Student: 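To start, I am sharing the structure in question, which I have written as structure tokens.
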Protein chains: 2
Amino acid sequence: MRKISESTIHRLSLYYRTLVSLQRERYITVSSRELAKRDKLTPAQVRKDLSFFGSFGTRGLGYPVNELKDKIASILGLNRTWNVALVGVGNVGSALVSYKEFPRQGFVIKKIFDNDQRKIGKNHKGILVSDVRNLAKELKEDRIEIVVLAVPASAAQSVVDEVVSAGVHTILNFAPTNLKVPDNVVLRTVNMAMELEHLSFALSNRGKIKEL
Amino acid sequence: MRKISESTIHRLSLYYRTLVSLQRERYITVSSRELAKRDKLTPAQVRKDLSFFGSFGTRGLGYPVNELKDKIASILGLNRTWNVALVGVGNVGSALVSYKEFPRQGFVIKKIFDNDQRKIGKNHKGILVSDVRNLAKELKEDRIEIVVLAVPASAAQSVVDEVVSAGVHTILNFAPTNLKVPDNVVLRTVNMAMELEHLSFALSNRGKIKEL
DNA sequence: TAAAATATGTGAAAGTATTCACAACGCTAT
DNA sequence: ATAGCGTTGTGAATACTTTCACATATTTTA
Ligand SMILES: NC(=O)c1ccc[n+]([C@@H]2O[C@H](COP(=O)([O-])OP(=O)(O)OC[C@H]3O[C@@H](n4cnc5c(N)ncnc54)[C@H](O)[C@@H]3O)[C@@H](O)[C@H]2O)c1
Ligand SMILES: NC(=O)c1ccc[n+]([C@@H]2O[C@H](COP(=O)([O-])OP(=O)(O)OC[C@H]3O[C@@H](n4cnc5c(N)ncnc54)[C@H](O)[C@@H]3O)[C@@H](O)[C@H]2O)c1
């Protein structure tokens, strides 16, 4: 397979959601034109993205909604479940644990960890909070594949090191800090302050720039 | 000013954070080489990004840390405060309201709204929860500039319409849904499921692709 | 004061991503 | 059957982004 760009992966996620909607609306087939319209893209972009993975459409007709949805699910790895662990059961962590869409998409939170004695051992939305000191051991035992990090920035690097040493190399991080990981580890950081900064940039530069 | 790309804005946010660290570490000046190293970029990229906004460095020496930080703050609109309102005080909304980094960066949550009678009128982390039926009126009264949306996907479009009609055209959305807004509205959507999908794509395609 | 070292700022080159444009194909109607 | 329409799949063209490479400026060393 040739290299797929970040943007293409991002758009596949968009297509996936749109196809779920189309399915609910009882569409049987959909054209690149309609897909593009719903996701504010161009039809050529949609076709090009899909063409990287094969040819799923029928000329004159479009793409079969169910099939294409399944195909994209399989490309994105959504045709199975993933064992997820969460570290840090604070404001963000609690929200994530109770979010029902994740398991529905195949991301099942199997274990949650904290270092606060008051939280450890307590039930949190049906999951027992484990002591973070047992992190590496339990990540291995439960065959965890993805770790979500919702600890304070100051604790993030040491937790990441532990996670990596336990052999988990796929991490979603909510702490607003630059983490060092080996090359074979896939780390994504969600930084909400940076999202707001995009907005304040846009507000500050209204009119000064051509377009955002 | 010429058009600035999304990626450049994103990197300015990175530089800003790195400069804050450098300031704490008592750096007086910093080279594009050091900035690049800390943010995993190339020195040329750093210099090019900054060059869009002026020339802030000294040849042979580098960039003055304090000055460059202030300059980037001003470019990103972080040299002032912004009036923010939050709609939807559930799991995500509560986390955001209690997050102390936002006000520290100038994003001050002035009003919070919900449609749940049990929440309206109650104090939530020092802010009274308003009835969403008064949304437009109160957004105007409080000169709200940015709205953060943390309502269920099903309610998001109608809230957005109301927000836009109240004249607020800068929105950060956490609902996983495609929202329609007029061209002059800047809308960013944070979709955590899509972040996880990037990870599952990476996991599913290990070895098949050259690089992620 | 001059030479050496360092590091910026920026056109030009290289590399990516997006859009164009059209041949190829399959459906529909007659 | 066949004409006509609609839509894909894809090379080629265009647009955008990143990296290169070097002239230029400043500091440091001697
Ligand atoms: N609250 C928000 O809205 C928000 C927004 C953006 C980013 N963030 C970031 O997300 C992260 C979590 O934020 P939060 O508001 O949930 O913080 P929080 O303080 O509510 O929760 C952090 C949790 O991590 C636990 N913890 C601390 N050190 C730990 C360790 N070494 N191992 C395991 N657990 C540990 C704490 O006991 C606590 O339960 C932070 O990095 C924060 O900067 C939060
Ligand atoms: N919880 C998570 O971890 C998580 C993760 C990703 C995305 N999201 C998304 O973020 C959004 C909020 O999630 P949540 O978990 O906080 O949900 P939630 O149900 O806990 O909170 C939603 C809040 O919005 C209020 N609300 C509903 N309709 C409203 C309306 N018309 N006007 C004003 N308020 C209204 C509800 O009363 C409730 O307080 C959802 O769209 C969800 O899909 C949540």
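Just so it is clear, the model here is predicted, and its values are computed rather than measured. Below, chain A is the first sequence line, B the second, and so on; all start at residue 1.
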Student: Starting at atom CZ of A:Phe52, determine the distance to atom P of D:dT10, rounded to an integer number of angstrom.
Tutor: 11 Å
Student: Would you say the side chain of A:Tyr16 lies within less than 4.5 Å of the side chain of A:Leu19, judging by non-hydrogen atoms?
Tutor: no
Student: Any carboxylate oxygen within less than 4.0 angstrom of a Lys/Arg side-chain nitrogen, looking at A:Arg206 and B:Glu145?
Tutor: no
Student: For B:Leu41 and D:dT19, give me the distance from atom CG to atom C1', rounded to whole Å.
Tutor: 12 Å
Student: Tell me whether the side-chain N/O atoms of A:Ser32 come closer than 4.0 Å to OP1 or OP2 in D:dT8.
Tutor: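 True: A:Ser32 side-chain N/O within range (under 4.0 Å) of D:dT8 OP1/OP2.
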Student: Looking at B:Tyr63, does any N or O in its side chain come under 4.0 Å of the phosphate oxygens OP1/OP2 on D:dT26?
Tutor: no
Student: Using 4.0 Å as the upper bound for N to carboxylate O, is an ion pair formed by A:Glu141 and A:Lys137?
Tutor: yes
Student: Any salt bridge between A:Asp49 and A:Arg11, counting N to O under 4.0 Å?
Tutor: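 Yes.
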Student: What's the CG-C1' distance between A:Leu61 and D:dT7, to the nearest Å?
Tutor: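 Atom CG in A:Leu61 sits about 9 Å away from atom C1' in D:dT7.
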Student: Can you tell me how far C1' of D:dT7 sits from CZ of A:Arg59, to the nearest Å?
Tutor: 9 Å
Student: Is the cationic atom of A:Arg188 (NZ for Lys, CZ for Arg) positioned less than 6.0 Å from the six-membered ring centroid of B:Phe201 and within 45 degrees of its normal?
Tutor: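 A:Arg188 over B:Phe201 ring: no.
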Student: Which parts of residues 43-50 of chain A get close to DNA chain C, meaning a heavy atom less than 4.0 angstrom away?
Tutor: A:Ala44, A:Gln45, A:Arg47, A:Lys48
Student: Among C:dT18, D:dT17, D:dT19, which nucleotide sits nearest the side chain of B:Ser5?
Tutor: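 Closest nucleotide among those given: D:dT17.
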Student: Hey, which of these two, B:Ser31 or A:Thr8, hits DNA chain C nearer its 5' end, going by closest nucleotide?
Tutor: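 The residue whose closest nucleotide sits nearer the 5' end is B:Ser31.
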Student: Rounding to an integer number of Å, can you tell me how far B:Lys3 NZ sits from C:dT18 P?
Tutor: 12 Å
Student: Given side chains that start at C-beta, do those of B:Asn178 and B:Thr189 come closer than 4.5 Å, heavy atoms only?
Tutor: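 A side-chain contact under 4.5 Å is absent here.
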Student: Could you give the CD-to-P distance, from A:Glu6 to C:dT18, as a whole number of Å?
Tutor: 12 Å
Student: For D:dG9, does OP1 or OP2 lie under 4.0 Å from any side-chain N or O of A:Ser55?
Tutor: yes
Student: Measure the distance from CD1 on A:Ile9 to C1' on C:dA17 and round it to the nearest whole Å.
Tutor: 14 Å
Student: Using only side-chain N and O atoms of B:Ser7, determine if any of them is under 4.0 Å from OP1 or OP2 of D:dT17.
Tutor: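 Negative; the distance criterion is not met.
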Student: Are OP1 or OP2 of D:dT8 and a side-chain N or O of A:Arg33 less than 4.0 angstrom apart?
Tutor: no
Student: Would you sort out whether B:Ser32 and B:Arg47 count as a side chain to side chain donor-acceptor pair (under 3.5 Å), showing the intermediate values?
Tutor: CA-CA 6 Å; B:Ser32 58; B:Arg47 295 201 298 276; 3.1 Å; yes
Student: Distance check needed: C:dT16 P versus A:Ile4 CD1, whole Å only.
Tutor: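 Nearest whole value for this atom pair: 14 Å.
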Student: Would you kindly compare A:Arg11 and B:Gly54 by the position of their nearest DNA chain C nucleotide and give the one closer to the 5′ end?
Tutor: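 Nearer the 5' end of the strand: B:Gly54.
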